[in-house]
Amino acid sequence: MRQYFNSLEISNYDELLYDMGIKEKEHEIYFLEKIKTNKFLPYYEKYFSWGNNQSFNNIDLDKKYPFENSNHYCKK
């Protein structure tokens with residue numbers, strides 16, 4: 001979302017959107033852990049572009065960069 005806002009020359013919310021991206025990644029990891037052995041996971045990945053091998057959110061929770069150095073996250 002941050003890159004979309006920035007493409008419209010809106011940057012007032014960058015830090016907030018980065019924090020939201022971190023929270024989103026935490027939720028993604030939590031829910032993937034809950035369904036990791038589900039036989040339908042490959043279908044989820046294919047049809048919803050969500051799963052172990054697909055995510056638009058590439059934030060690395062082990063290396064949370066400071067907001068000022070986070071521009072490389074979530075770019076297409």
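For the numbers below, each heavy atom of this structure counts, side chains included, while hydrogens, waters and symmetry mates do not. On a predicted model such as this, the values are computed, not experimentally measured, just so you know.
With a 4.5 Å cut-off on side-chain heavy atoms, Lys23 and His27 count as touching. The side-chain heavy atoms of Tyr18 and Ile22, taken from C-beta on, include a pair separated by under 4.5 Å.
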Start with the C-alpha distance between Glu33 and Ile29, add both sets of side-chain angles, then the distance that settles side-chain contact (heavy atoms from CB on, under 4.5 Å), and finish with yes or no. CA-CA 6 Å; Glu33 181 64 27; Ile29 290 170; 5.6 Å; no
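Under the 30°/60° scheme for interplanar angles, the aromatic rings of Tyr44 and Phe40 are found to be tilted.
Atom CD1 of Ile10 is separated from atom CG of Leu17 by 10.0 Å, given to the nearest 0.5 angstrom. Atom NZ of Lys25 is separated from atom CG of Asp60 by 8.5 Å, given to the nearest 0.5 angstrom. One finds the CG atom of Leu61 at 5.5 Å from the CD atom of Glu26 (value rounded to the nearest 0.5 Å). The distance from the CG atom of Asp19 to the OH atom of Tyr13 is 15.0 Å, given to the nearest 0.5 Å.
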